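The chain is numbered in sequence order, starting from 1. Hydrogens, waters and symmetry mates play no part in the numbers below; they use all other heavy atoms, side chains included. Because the structure is a prediction, the values reported are computed rather than measured.
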Amino acid sequence: MNVGQPENTAGSQVARTPQAQEVDFALHTLGWKAFQDLCAEIAREVLGRVVTIFRPAQDGGRDAAFLGQWPGTGTLNNPSVSTIQCKFTSKADRRLRVSDLKGEEESIRDLVRDGLAEGYVLMTNMTVDGPVEAEASQWLKSLGVRVPTVLGRDAITLYLRSSPKLRALVPRVYGLGDLGWITDARRIDQARAVLQRLGDDGLATYVPTAAHRKAVEALHQHGIVMLIGEPASGKSTIAAILAANALDNEAADVVRVDRPSEFSDRWNPHETKRFFWIDDAFGANQIRRDYVDEWVRRIPELKTALSKGNRFVFTTRDYIWNEARKELRFSSIPSLEEGEESQITINLADLTQEEKEQILYNHIKVGDQTGLWRKRIAPFLSDVAQHHMFLPEIARRLGYRAFTREISLEKSGLMRFISEPKAFLARTIEELPSEARAALALMFLHGGRVPSPLSSDDPALSLVEEQTNIKLPQIRTALQNLKGSMVLNVQDQDQLVWIYKHPTIFDAYADVVARNPESVEIFLRGAKAEDIFTQVACGSVGVYGFPVRVPPQYYELLLERVRRCPSDRDANGRLFNFLAERADNAFLNLVLDNVPEVLSRETWSYTQVRWSPLLRLIRRLKEIGRLPEDARRVGVSMLRDALLDDCDATFLDDELNLSLFEPLELVRLGFQIRENLLPKLEGVVEEAADNVSYHEDAAEALSLLRDSLKALDRCFLFEEGREAIDEAQSRIESFIEDRKNNPWAPEDDDYTVAPSPSSARGARSIFDDLHE
């Protein structure tokens, strides 16, 4: 370890730290392990060095000791090796006494003898009075310590108060103080609203993982971070904490964005220091290709906003990201070197065993399980943390009796709870009182966001009352009873709303709806068209992402919703996506027979024609033999325009696309390529190359044009045109090779975030005191 002394040293002592009574961070509520993490971060951020080696304390757990090497030659004021010890108490008014240190005497003498304690730093959350500090320092000197330092609660509180970065790395403190260190009242209100989304237990259970630290670094270095993970992996939690820290660190505003168009609506080129939080950036539980396409369009605006000092955090599910990343070009962000896109994309799946165990401990300790229940499962929790399907949200559910009534208190029962989370949660929902199920039905009809207080004029509420015979007062009470476990009541911009405690509750309720005919009917009758056509699938069509399965007996009701779907470009795009990807042949034929005019609706144009939901629907109709002539011509026109106007020839490699053309249309297209496209290829390549910034991977940025030229080369029938194609390909490859040989090199940046400090575990299990 390299451990540096705090600034302003005087002789052999760290200068007296001013008292910080005005802010009480309630350090006694942290828990011993979280306090050790805080001490390690103080060693890194305040003392200026990184803790890398741990020396177990005598009790194997509650007191941690970190061992490391100081810079220098071992002089009196610059010792060569030091030990840092942290002592924790859960009593709010505990004061340090010198007698508290006597049990460490033999250990300290051994450290001094071995040359490991020329410096000795004691950090404690106890109050340390001046005379006690002096007596403790003198006692440590009598044991051979050359440079003793004692930092008590007031010193640690001052460090926390004065360092936003320290608070970012130990975010538990946001739940301990009153946010009084933030000087702007509006930002305090915003920070409270952001943290409110975590629920009452959100900060108390939060563990700063390696992914958290990497996200802090990415925001500092690049101004943008992409949090990727499977459902229940903690993406939104980290995003909320990053947003709170941005407000803490003088961000002008936190703006939650639900769709790309909202970013353009709410971003002002003259605004600086705004923090944009885009949750489920590319779709909530299925990919929204219209969102992906629109973010591609918005990247120039994103670059400009970043250059103005604005910051961004995106979250997305892993399986959605695997599709979306093929089209996005985040490597064009100016602060990234070629090939460094991985610095802003952070996968939350890589938790260490220690991080998993700490997450489990925190959630079960904070939850409402009995001490006996905790004691019985404690021996199995290390195995639970090792399970490949372990996720933070599953640990949260394990802490509450509402979710665990069916678990047998044996290892096998716990393992089933981890491996079948959706099934357990769905059964929990099904076993709720009827009033609670009605409340969740209302939430579901609103897409998971219900204005608060509930309005008696809400059509969705009237439908729920009619179908369940549960009335408004009972639903209001039920929401209050579900608060904290399944729902939250939070401030969203200028409105108070009810939201799900976690998005996976929406997913599980969708499963419940799909198995319950009455619930399916309520959903189809009362939900917004946007929610219906992004959530439903027909019959046995297999789509990953938890859509509501609509059985054939409700096809007529779903058909009625198709008829009533508003005809704007956004709504039409969602409808076309549904019909192309999640409607079985029976329902698709029903639509064609009864609402044929749906194919004449307009939707947005896309940067790449293959993303168009209308084209995907046209292809689907061709496959099942139900493609009307007018729609076929629209598809042909879309492909031809993409080729001749945008030089997108990739469709030529797809037989289904080519089958849309009549033979004479293909011949005519060949002549148009020769007469209109080939003569301008040189200019197309030059323009495309000019638009590739030095921050981008040239091969990636030009991949569409390269693929198009290859498709042209394979399909073009006129020999005299090949020379132009070959020349264009050669120019692109030369450009890419030149970029490889002459890469852009940014200025060095000294900022680093060190790896996680080693933990104080010794022979003690973190779960030993779980029942206390």
Point to revise | Main-chain N/O of Val536 paired with Arg582 side-chain donor or acceptor, under 3.5 Å | key: yes
**Study point:** Residue list, side-chain hydrogen bond (donor to acceptor under 3.5 Å, both in side chains) with Ser233, at least two apart or on another chain
**Key:** none
Review point. Do Arg476 side-chain atoms and Leu454 backbone N/O form a donor-acceptor pair below 3.5 Å?
Key: yes
Review point. Does anything in residues 445-478 pair up under ring pair (Phe, Tyr, Trp, His ring centres under 6.0 Å), and if so which pairs, sequence neighbours excluded?
Key: none
Point to revise | Any side-chain donor near an acceptor of the partner, Trp611 and Asp290, under 3.5 Å | key: no
Practice item. Give the ring-plane orientation class for Phe312 versus Phe314, where under 30° counts as parallel, over 60° as perpendicular and anything between as tilted. Key: parallel
Point to revise | Side chain to side chain, Val591 and Asn594, heavy atoms closer than 4.5 Å | key: no
Review point. Is the side chain of Thr404 donor-acceptor paired with the backbone N or O of Ile407 at a distance under 3.5 Å, no angle test?
Key: no
**Study point:** Any donor-acceptor pair under 3.5 Å from Glu355 side chain to Leu351 backbone
**Key:** no
Check your understanding: Taking Arg449 for the side chain and Val497 for the main chain, is one N or O donor matched with an acceptor at less than 3.5 Å?
Key -> no
Review point. Which residues satisfy the salt bridge (charged side-chain N to carboxylate O under 4.0 Å, His left out) test with Arg563, sequence neighbours excluded?
Key: Glu560
Point to revise | Pairs touching residues 560-586 that satisfy ring pair (Phe, Tyr, Trp, His ring centres under 6.0 Å), sequence neighbours left out | key: Phe533-Phe578, Phe578-Phe587
Study note, to complete from the structure: Hits for side-chain hydrogen bond (donor to acceptor under 3.5 Å, both in side chains) against Asp293, two or more places apart or cross-chain, chain-then-number order -> Arg297, Thr607
Point to revise | Arg569: side-chain hydrogen bond (donor to acceptor under 3.5 Å, both in side chains) partners, not counting sequence neighbours | key: Glu602
**Study point:** Partners meeting side-chain hydrogen bond (donor to acceptor under 3.5 Å, both in side chains) with Asn310 (sequence neighbours left out)
**Key:** none
Point to revise | Partners passing salt bridge (charged side-chain N to carboxylate O under 4.0 Å, His left out) against Arg311 (at least two apart in sequence or in another chain) | key: none
Review point. So which pairs with a foot in residues 459-474 pass side-chain hydrogen bond (donor to acceptor under 3.5 Å, both in side chains), sequence neighbours left out?
Key: none
Exercise for review: May I ask you to decide if Asp280's main-chain N or O and Thr316's side chain share a donor-acceptor pair within less than 3.5 Å?
Suggested key: no
Review point. Got Met486 and Thr428 here, is their nearest side-chain heavy-atom distance under 4.5 Å?
Key: yes
Exercise for review: May I ask you to decide if Leu579's main-chain N or O and Arg620's side chain share a donor-acceptor pair within less than 3.5 Å?
Suggested key: yes
Point to revise | Close side-chain approach of Gln491 to Leu496, heavy-atom, < 4.5 Å | key: yes
Check your understanding: By ring-ring contact (aromatic ring centres under 6.0 Å, His included), which residues pair with Tyr554, not counting sequence neighbours?
Key -> none
Check your understanding: Which residues pass the salt bridge (charged side-chain N to carboxylate O under 4.0 Å, His left out) test with Glu430, sequence neighbours left out?
Key -> Arg515
Check your understanding: For Ile287 and Ala324, which heavy atoms make the closest approach, and how far apart are they?
Key -> CD1-N, 3.7 Å
Review point. Has the side chain of Arg401 got a donor or acceptor atom that lies under 3.5 Å from a matching backbone atom of Asp368?
Key: yes
**Study point:** Tyr509: partners by ring-ring contact (aromatic ring centres under 6.0 Å, His included), with sequence neighbours left out
**Key:** Phe444
